[in-house]
There are 2 protein chains.
Amino acid sequence: MSLPHAILTALLEKPSSGLELTRRFDRSIGYFWSATHQQIYRELGKLEADGHIRALPTEQPARGQKKSYEVLPAGRAELARWTAASQDPRPHRDTLLLRLRASAVVGTEGIEADLRRHLDLHRRQLAEYEEIEKRDFPPGRDQPEDRLRHLVLRAGIELETFWTRWLTDALEEFGELPDSGPA
Amino acid sequence: MSLPHAILTALLEKPSSGLELTRRFDRSIGYFWSATHQQIYRELGKLEADGHIRALPTEQPARGQKKSYEVLPAGRAELARWTAASQDPRPHRDTLLLRLRASAVVGTEGIEADLRRHLDLHRRQLAEYEEIEKRDFPPGRDQPEDRLRHLVLRAGIELETFWTRWLTDALEEFGELPDSGPA
DNA sequence: CTCGTTTGTGCAACTAGTTGCACAAACCCG
DNA sequence: CGGGTTTGTGCAACTAGTTGCACAAACGAG
């Protein structure tokens, strides 16, 4: 049950409309908590009903459709409560590792191309993160909030680095495997 | 839609009953595709209905309740198909990173204890993986299937190593932070 | 031998996330 | 100025995963 809290965080960082939130989920928050616009609108409705957020009063109420939301004190309190509460890590689910294990049994036919594709995706993601790091965390800035956000970004960078390296190793392993394994 | 394929893989490695599968998910497959016994029984039913697996004919059909399943050719074919098919990585969702980002906004009060707890969990998991590696992959064995399975285990080991290190860094960062951050 | 515990199988209801579609307003192009 | 694209909001139906419970057989201790 974290989507509402992801949204509260995003709205505290900056009040936004549904679509703006969607975009920010695509670029930033979504790197570790992805959501579609449908999910977001649904959740905005619930959060408003619960009195955690409210639509910003707009000057021309009827003209443009764009509704921006801001967090109310109750919402901030709920987010603080949730952040501090102890939570168990959610179970991992990784299809690629599963497929690799399956391929030890049914043969490696066909999986190699997809490993390459994933390697490429992870490389791109890594490049994107490094771009963000360069832009948002130049050496020297160290306000506490920056340090926390940087820490989060570094987790992303290091995870992508790991996958990139691991996939490279895996592909090397494939090069040495007798053709198409058991099956 | 990977649970059925996780089960097929497990059953190909060794025909099992529902409960045996559940245990194996807790110890091994579940490290990257966790499932509860309820999910497993439900899925066994579907797989049997689809003709992908069948209950092993048992000598005393009525006495002990334990039903073991084995994979049928159609099931193996389906698994091979799925393994080879190109798949997009599923979106990440990591609550801890989300909470850390939230704590940059609402304050770090209370989260540190949970970081410690997670660090401890990851250390244990890492130790468990290393135990398995020592037991199942002593230097010198390199049948192709072993190498693939070892690769998968290494991913687990390296991921836990990453989290352990990252959490250690994070906690250090906390030590240097002015008390309880913004809020 | 019987009564509590563990083993083993399973259903039902709920929650979270995904997919597919609808529809109005704004904008922009010929 | 009329018609296609983009922006923005949202509902409905479905799929996957979680939680809570039920119940029978086997096992083990007093």
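Proteins come first, then strands; the chains are lettered A, B, ... in the order of their sequence lines, and each starts at number 1.
The stretch residues 11-55 of chain A participates, sequence neighbours left out, in these ring-ring contact (aromatic ring centres under 6.0 Å, His included) pairs: A/Tyr31-A/Tyr129. Within the structure, the ring-ring contact (aromatic ring centres under 6.0 Å, His included) test picks out the following pairs touching residues 70-125 of chain B (sequence neighbours left out): B/His5-B/Trp82, B/His122-B/Trp163. Among residues at least two apart or in separate chains, salt bridge (charged side-chain N to carboxylate O under 4.0 Å, His left out) pairs with a member in residues 82-98 of chain B are A/Arg117-B/Asp88. Residue pairs meeting the salt bridge (charged side-chain N to carboxylate O under 4.0 Å, His left out) criterion with at least one partner in residues 35-54 of chain A, sequence neighbours excluded, are A/Arg54-A/Glu70.
Comparing atom distances between the B/Arg23 side chain and each of C/dT7, D/dG8, D/dG17 picks out C/dT7 as nearest. The A/Leu3 side chain lies nearest to C/dG17 when the options are C/dT9, C/dG17, D/dG17.
Residues forming a side-chain hydrogen bond (donor to acceptor under 3.5 Å, both in side chains) with B/Glu158 (at least two apart in sequence, or on another chain): A/Arg165. In this structure B/Ser28 satisfies the side-chain hydrogen bond (donor to acceptor under 3.5 Å, both in side chains) test together with A/Arg101, sequence neighbours excluded. Scored by the salt bridge (charged side-chain N to carboxylate O under 4.0 Å, His left out) test, A/Arg116 finds A/Glu112 as partners (sequence neighbours excluded). For A/Glu130, there are no side-chain hydrogen bond (donor to acceptor under 3.5 Å, both in side chains) partners, not counting sequence neighbours. For B/Arg23, there are no side-chain hydrogen bond (donor to acceptor under 3.5 Å, both in side chains) partners two or more places apart in sequence or in a different chain.
DNA chain D is contacted by no residue of residues 4-16 of chain A, taking any non-hydrogen atom closer than 4.0 Å. Residues from residues 77-101 of chain B placing a heavy atom under 4.0 Å of any atom in DNA chain C, listed by number, are B/Pro91, B/Arg93. If you check residues 34-52 of chain B against DNA chain D, the residues with a heavy atom closer than 4.0 Å are B/Thr36, B/Gln38, B/Gln39, B/Arg42, listed by number.
Scanning all heavy atoms of the two residues, the minimum distance from B/Gly75 to B/Leu8 falls at O-CD1, 3.6 Å.
In this structure, B/Tyr69 places its OH atom 14 Å from P of C/dG8, rounding to the nearest Å. Straight-line distance from the NZ atom of A/Lys67 to the C1' atom of C/dA25: 15 Å, rounded to whole Å.
Of the candidates B/Leu126, B/Leu119, B/Leu121, B/Leu119 is the only one forming a side chain to side chain contact (heavy atoms under 4.5 Å, CB included) with B/Arg123.
A/Thr22 comes within 4.0 angstrom of no nucleic acid atom, judged by non-hydrogen atoms across all strands.
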